[in-house]
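A short worksheet on the structure shown next.
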2 protein chains.
Amino acid sequence: MPDQPGKHRSIPLVRELVRTYQAFEQLSSQRIKQHGLTHPQFDVIATLGNTPGMSCRELSERTLITKGTLTGVLDRLLDKGLISRTVPEHDRRSLFVALTPAGEAVFDSAFPDVVSHCGEAFDHLDDASLNQHIAMLAALRAAIGQKLEPAE
Amino acid sequence: MPDQPGKHRSIPLVRELVRTYQAFEQLSSQRIKQHGLTHPQFDVIATLGNTPGMSCRELSERTLITKGTLTGVLDRLLDKGLISRTVPEHDRRSLFVALTPAGEAVFDSAFPDVVSHCGEAFDHLDDASLNQHIAMLAALRAAIGQKLEPAE
DNA sequence: TATTGTTATACTCTATAACTATA
DNA sequence: TATAGTTATAGAGTATAACAATA
């Protein structure tokens with residue numbers, strides 16, 4: 001029985017995507033760790049940076065960290081003094097999470113450092129290549145997004 | 001003081017890479033979980049698949065799981081009956097890890113399923129695009145690899 | 001009733017260092 | 001001495017379900 005036409009054509013792409021993703025994960029994790037943060041903690045700091053703050057619900061949606069897990073991550077960031085949790089007037093069920101000045105300081109140093117460290121790998125690319133790569137990744141992401149089971 | 005020329009040119013690429021990587025991670029994890037495996041467990045099964053087996057040391061190098069962690073991952077795969085650990089004659093310090101028939105059955109069903117599920121996202125691409133994407137990812141990976149601290 | 005977030009539970013992964021057995 | 005792997009330790013993330021407080 002012959003293969004369905006094109007059934008496994010994209011496997012080499014998947015393999016290459018996995019390898020690239022592992023390499024990038026390794027590179028970014030190394031650098032994040034140097035700032036005393038875990039990856040989820042960095043994600044939270046990066047999400048809160050340059051915002052006035054947000055609810056746990058919104059933070060959970062943006063970081064893809066489920067609410068039960070998020071409580072623990074926020075506990076540790078609170079211990080480090082990097083975030084504040086306050087009960088807003090208008091809805092006392094929710095919590096408003098924001099960076100403290102110390103948290104902002106960490107964001108200001110860690111975020112550009114991690115991003116630019118990772119970015120340095122690509123500095124040799126000219127603008128045209130850069131844009132081409134970005135367009136390609138965006139296309140891949142859009143294709144992946146369509147396969148993802150809807151959140152809710 | 002003006003920015004150094006080109007200092008942050010590649011940040012949009014990094015951002016897009018992060019997003020693509022998160023989407024892919026989500027997609028593959030969903031599918032891996034459906035086979036009753038964690039990501040590290042899947043990596044081990046995938047690494048052992050289509051090989052006669054290998055030492056813990058080699059498995060550790062290939063999966064990037066450190067030896068102390070690997071012991072625990074292998075323990076759980078052993079509990080599930082998916083691998084065997086045997087002491088080879090020629091060097092009784094080491095352990096030879098291989099898939100059991102049950103492990104091979106899991107490999108044969110899980111690995112193609114995960115890969116092709118992820119691959120389906122890209123089935124709409126023609127061969128030329130596919131090859132172009134692969135080449136770009138390989139270029140990105142090579143660039144990242146040069147920034148990674150040598151494992152030693 | 002529905003929503004927001006915490007707590008309880010249980011498990012997995014993670015790194016590190018000390019350790020055992022073998023070479 | 002060096003190498004292969006385990007164990008001990010401690011911490012962090014993960015999902016789930018039950019729960020409390022509020023809307």
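Computed over heavy atoms, backbone and side chain alike; hydrogens, waters and symmetry mates excluded. To find a chain, count down the sequence lines: A is the first, B the second, and so on, and within it residues start at 1.
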In whole angstrom, give the distance that lies between atom [atom1] of [X] and atom [atom2] of [N].
X	N	atom1	atom2	result
B:Leu77	C:dT12	CG	P	10 Å
A:Lys67	D:dT14	NZ	C1'	15 Å
A:Phe96	C:dG5	CZ	C1'	16 Å
B:Leu74	D:dT7	CG	C1'	15 Å
B:Gln41	C:dT12	CD	P	7 Å
B:Arg93	C:dT20	CZ	C1'	13 Å
B:Leu95	C:dT22	CG	C1'	12 Å
A:Leu70	C:dT6	CG	P	8 Å

Under-4.0 Å side-chain N/O to phosphate OP1/OP2 contact, A:Arg76 with D:dG13:
yes
Tell me whether the OP1 or OP2 atom of D:dA15 has a side-chain N or O from A:Thr66 closer than 4.0 Å.
yes
Per nearest nucleotide of DNA chain D, the residue lying toward the 5' end, B:Gly68 or A:Arg92, is B:Gly68
Residue met sooner reading DNA chain D from 5', once A:Asp91 and A:Pro40 are mapped to nucleotides:
A:Pro40
What is the nucleic acid contact for [X], judged by heavy atoms within less than 4.0 Å: base, sugar-phosphate only, or nothing?
X	result
A:Thr71	base
A:Ser94	sugar-phosphate
A:Thr38	sugar-phosphate

In terms of hydrophobic clusters joined by side-chain contacts under 4.5 Å, are B:Ile32 and A:Val18 together?
yes
Which of the following nucleotides, D:dG13, C:dT14, D:dA2, is nearest to the side chain of A:Thr69?
D:dG13
Heavy-atom pair with the smallest gap, counting every atom of A:His117 and B:Lys147:
O-CE, 3.5 Å
Tell me which residues in residues 51-62 of chain A lie within less than 4.0 Å of DNA chain C, going by non-hydrogen atoms.
A:Ser55, A:Cys56, A:Arg57
Map A:Asp75 and B:His90 onto DNA chain C by nearest heavy atom, then report which one ends up closer to the 5' terminus.
A:Asp75
Return each pair, listed once, that meets side chain to side chain donor-acceptor pair (under 3.5 Å) where at least one residue sits in residues 86-103 of chain A; pairs must be two or more places apart or across chains.
A:Asp91-A:Arg93
Is it the case that over 12 heavy atoms from other parts of the model lie below 6.0 angstrom from the CZ atom of A:Arg15?
no
Donor-acceptor under 3.5 Å (B:Thr38 side chain, B:Gln41 main chain)
yes
Has A:Asp113 got a side-chain atom pairing as donor or acceptor with A:Ser109's backbone, closer than 3.5 angstrom?
no
Ionic contact status for B:Asp75 with B:Arg85, cut-off 4.0 Å
yes
